[in-house]
Structure formats: structure tokens, C-alpha cells
Amino acid sequence: MKNTKTMVLALAMLTIFGGMKLQAGRMEGVKVQQIVMMKNFIEILNNYMTVSEKWVTMLKKEDMAIYFAADSIAEIYKQKGEPLGAIPKLRALAEKKPVARKAILFKIKDIYKDAQKYNDALKVLEEIIDLPK
């Protein structure tokens, strides 16, 4: 990943500086403001690559990948206007993938809480507390 990051940054720099005339060790026609903008662009690109690298690292961990899938399931049902419809899917996922059971149950608790079903949210919290360690 680091080689890819270096290559992308180098390509970005070549693209940016490609249109400028380099002559006798100085850049002609380049204003300080343009250089500052290029520096900021490269920093943003570098930050994006760093975040992407961390995202890939997190998704290599099974529990994290499953939690992100659960979060996406909940979000899709919420966008459909049926947030409670996600709960059966999430419960099935929690049974199928015990490694992420607690995180999924917390997501279910959040869905109940957002729907103002506080007693159901409390029951899920009790379920989390009662899970074996």
C-alpha cells in the first residue's frame, strides 16, 4: 500500500508541475498562491491515502468488517423508512457471526432508541450484559 501511495503522490506532483516551465532551477510563471494551492492539494491527497490505508487495515479484522456491514444494513433500512426492519437481519447476523455479536447488539439498541422504543433498547442492553465473556 505504501508503494501505491508513493506512486499516486508522485503522479499527482508530475501532473501539477507538468504544465510549468522549469528553467535554471526556478519555476517561471508560477505564483506563490499556486504553489500554496499545490501544497494543500498534495496534503489532502496524502491524508486521503492515509485514511484509505487505515480503512483497509480495519476491514481485514473480521469483527470490524462485520460491524461495518451491520451498520450499512441499518442505514439502508433507515433510508427506506423502515429502520426497525433491520433488526431481524441484524439478529441473524449476530447469530451467524458471534465475533461481532456485542457490536451488532449495540446497533440494535441504537435502532430501538432512535425509534423511541426504550423498553426494547433496555432489553437489548440486558442481553449484552448477560453475554458470556
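Here the structure is a predicted model, which means the values were calculated and not measured.
- Going from atom CD1 of Ile42 over to atom CE of Met37 covers 12.0 Å, rounded to the nearest 0.5 Å.
- Partners of Glu43 under the side chain to side chain donor-acceptor pair (under 3.5 Å) rule, at least two apart in sequence or in another chain, are Lys39.
- The CD1 atom of Ile66 lies 9.5 Å from the NZ atom of Lys96; values are rounded to the nearest 0.5 Å.
- With hydrophobic clusters built from ILVMFWY side chains whose heavy atoms lie under 4.5 angstrom apart, Ile129 does not share a cluster with Leu105.
- For Ala94, the side chain to side chain contact (heavy atoms under 4.5 Å, CB included) partners are Arg101, Ile104, not counting sequence neighbours.
- Residues passing the side chain to side chain contact (heavy atoms under 4.5 Å, CB included) test with Asp114, sequence neighbours excluded: none.
- Qualifying salt bridge (Lys or Arg N to Asp or Glu O under 4.0 Å) partners for Lys109, counting only residues two or more places apart in sequence or in other chains: none.
- In this structure, Tyr67 and Ala103 approach most closely via the heavy-atom pair CD1-CB, 3.5 Å.
- Glu127 is linked by a salt bridge (Lys or Arg N to Asp or Glu O under 4.0 Å) to Arg91, counting only residues two or more places apart in sequence or in another chain.
- Leu122 contributes atom CG, which lies 11.0 Å from atom NZ of Lys113 (distance to the nearest 0.5 angstrom).
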Throw together a table of side-chain donor-acceptor distances under 3.5 angstrom for residues 69-87, partners on residues two or more places apart or in other chains.
residue, atom, partner, partner atom, Å
Asp71, OD1, Lys107, NZ, 2.6
Ser72, OG, Phe68, O, 3.1
Glu75, OE2, Gln79, NE2, 3.4

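- Environment of CG in Asp130: crowded, with over 12 heavy atoms of neighbouring residues, nucleotides or ligands closer than 6.0 Å.
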